[in-house]
2 protein chains.
Amino acid sequence: MVDAHADSRTRILDAAEAIVQARGVPALTLESAARDAGISKGGLLYHYASKEALLAAMLGRLAEVMEADFAATLAAQPEGRGRAARALLASALKEPVAACVLQDRAAAVFLAAFHHDPALLDPVRAVFARMRAAIAADGLPPGVGQAIMCATDGLFMVHVFGLYTLTPAELADLRAALERLLETGR
Amino acid sequence: MVDAHADSRTRILDAAEAIVQARGVPALTLESAARDAGISKGGLLYHYASKEALLAAMLGRLAEVMEADFAATLAAQPEGRGRAARALLASALKEPVAACVLQDRAAAVFLAAFHHDPALLDPVRAVFARMRAAIAADGLPPGVGQAIMCATDGLFMVHVFGLYTLTPAELADLRAALERLLETGR
DNA sequence: GTTGAAAAACCGTCCGGACGGTATAGTTAC
DNA sequence: GTAACTATACCGTCCGGACGGTTTTTCAAC
């Protein structure tokens, strides 16, 4: 379930994420996280002194991963107008394999942290703020970048709550429509 | 807090929604809902035999309200191509007063139900399915309607989790960009 | 139009269980 | 000798739900 060779702290975080993904937020208890990480409850509390500390660490790691993913996707885009918006699209619509990995992790951590205390989301709020800044400085007509960001956020929410699923064809059409929007005003 | 003259069942549902909005999902207990509804815990359990039954009722009512709101907004749009998409936009971006009322209620019920059991969301999934069908039959180029729906869903999520807030000016730009998208291919 | 009984609406208390957190005594590896 | 644990026991709290009893409403029979 969790890589037994990773160091304890990462094993705990991995186990906690996996529990939320597999069995929902209520299933994440200190005991279950410790057990799945192959550690005792006391051992977990040695590393994370409270459940809140554990959740904060999960959030911190998620924020780092999101930031890194965005930066990497951004770097992979050709320079020029709309680069940040294109990065968002690429990140939200990348191929199925390992695509949803980040989304699923984000969903799990999101929900667990928000349930305990909405203020725990602050690190990811900071990431979103930086993304918004990048979008605003993207050289696109006003509103276009934000529209694309909202659309990718919407895809995320639809996925988190399982509201509906888009067929690959629908996804392709969606992508095409958003890319056309990206070209408006050129 | 809750209209004392409404009948007990609606008072209970109102109280439960208000609790989640004001103090979060964990604060919603049978006791707190009963107290705020001006009833005893036993009395609440007379109407809703379990917490799950209470949540299911909250979801059912939300689904009705969403359906009615969409139908009303749809009817208010001029006929013709893109009508459903325009209704979505109008509903998601209507004026501040009482605008977020539905969104806030939806957020509260959403989170509470999902936390207890994701399957409870089925009624609203059905509403989303009907919206998607309306969008698909809207006469717009492929992907455009779905893009607008995703954008409004994204606005909803951003609001639910308080990820960031758009200034009125940004909202206006966003609306303009999405309306321009609506006109593509005409 | 009174009565009387059933049905509906509701009260208040109790219990079993789970969870977060504490405490402690001991163990292993460096 | 110190960091990194294990194992276990325990505490206080809270929650969902069950239960038995009580008041209020309804409504038919007389």
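Atom set for the values below is all heavy atoms of this structure, side chains included, hydrogens, waters and symmetry mates excluded. A note on names: the letters A, B, ... follow the listed sequences, proteins ahead of strands, and every chain is numbered from 1.
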(request) Applying side-chain hydrogen bond (donor to acceptor under 3.5 Å, both in side chains), name anything that partners B:E179, two or more places apart in sequence or on another chain. (result) B:R175
(message) Less than 4.0 angstrom between a side-chain N/O of A:H47 and OP1 or OP2 of D:dA4, yes or no?
(response) no
(message) Less than 4.5 Å apart, side chain to side chain, heavy atoms only: is that true for B:L59 and B:F114?
(response) no
(message) Is the shortest side-chain heavy-atom distance between A:Y164 and B:M149 below 4.5 Å?
(response) yes
(request) Could you list the residues that satisfy side chain to side chain contact (heavy atoms under 4.5 Å, CB included) with B:D69, not counting sequence neighbours? (result) B:T73, B:S91, B:K94, B:L102
(message) Can you confirm if the NZ or CZ of A:R9 lies within 45° of the ring axis of A:Y48 and under 6.0 Å from the centre of its six-membered ring?
(response) yes
(request) Please examine the side chains of A:L93 and A:L155, heavy atoms only from C-beta on, and report whether any two atoms are closer than 4.5 Å. (result) yes
(message) Going by salt bridge (Lys or Arg N to Asp or Glu O under 4.0 Å), name the pairs with one or both residues in residues 132-160 of chain A, residues two or more places apart or in two chains.
(response) A:R132-B:E170
Under 3.5 Å, N/O pairs linking protein and nucleotides 21-26 of chain D:
none

(message) What I'd like to find out is whether the side chain of B:F110 reaches to under 4.5 Å of the side chain of A:L163, using heavy atoms alone.
(response) yes
(request) Check whether any side-chain nitrogen or oxygen of B:Y46 sits under 4.0 Å from OP1 or OP2 of C:dA9, and answer yes or no. (result) yes
(request) Could you please name the option among D:dA4, C:dC10, D:dA7 that lies closest to any side-chain atom of B:S8? (result) C:dC10
(request) Starting from the C-alpha separation in whole Å, work towards a yes-or-no answer on salt bridge (charged side-chain N to carboxylate O under 4.0 Å, His left out) for B:R125 and B:D122. (result) CA-CA 5 Å; B:R125 290 195 181 100; B:D122 280 345; 2.8 Å; yes
(message) Do B:R105 and B:R61 have side chains that approach each other closer than 4.5 Å (heavy atoms only, starting at C-beta)?
(response) yes
(request) Can you check each nucleotide of nucleotides 16-24 of chain C against protein heavy atoms at under 4.0 Å and return B for base, S for sugar-phosphate only, - for none, in 5' to 3' order? (result) ---SBBB--
Report, one pair per line, the protein and nucleotides 25-27 of chain C atoms (nitrogen or oxygen only) whose separation is under 3.5 Å.
none

(request) Specify the separation, in whole Å, of atom CZ of B:R35 and atom C1' of C:dG12. (result) 15 Å
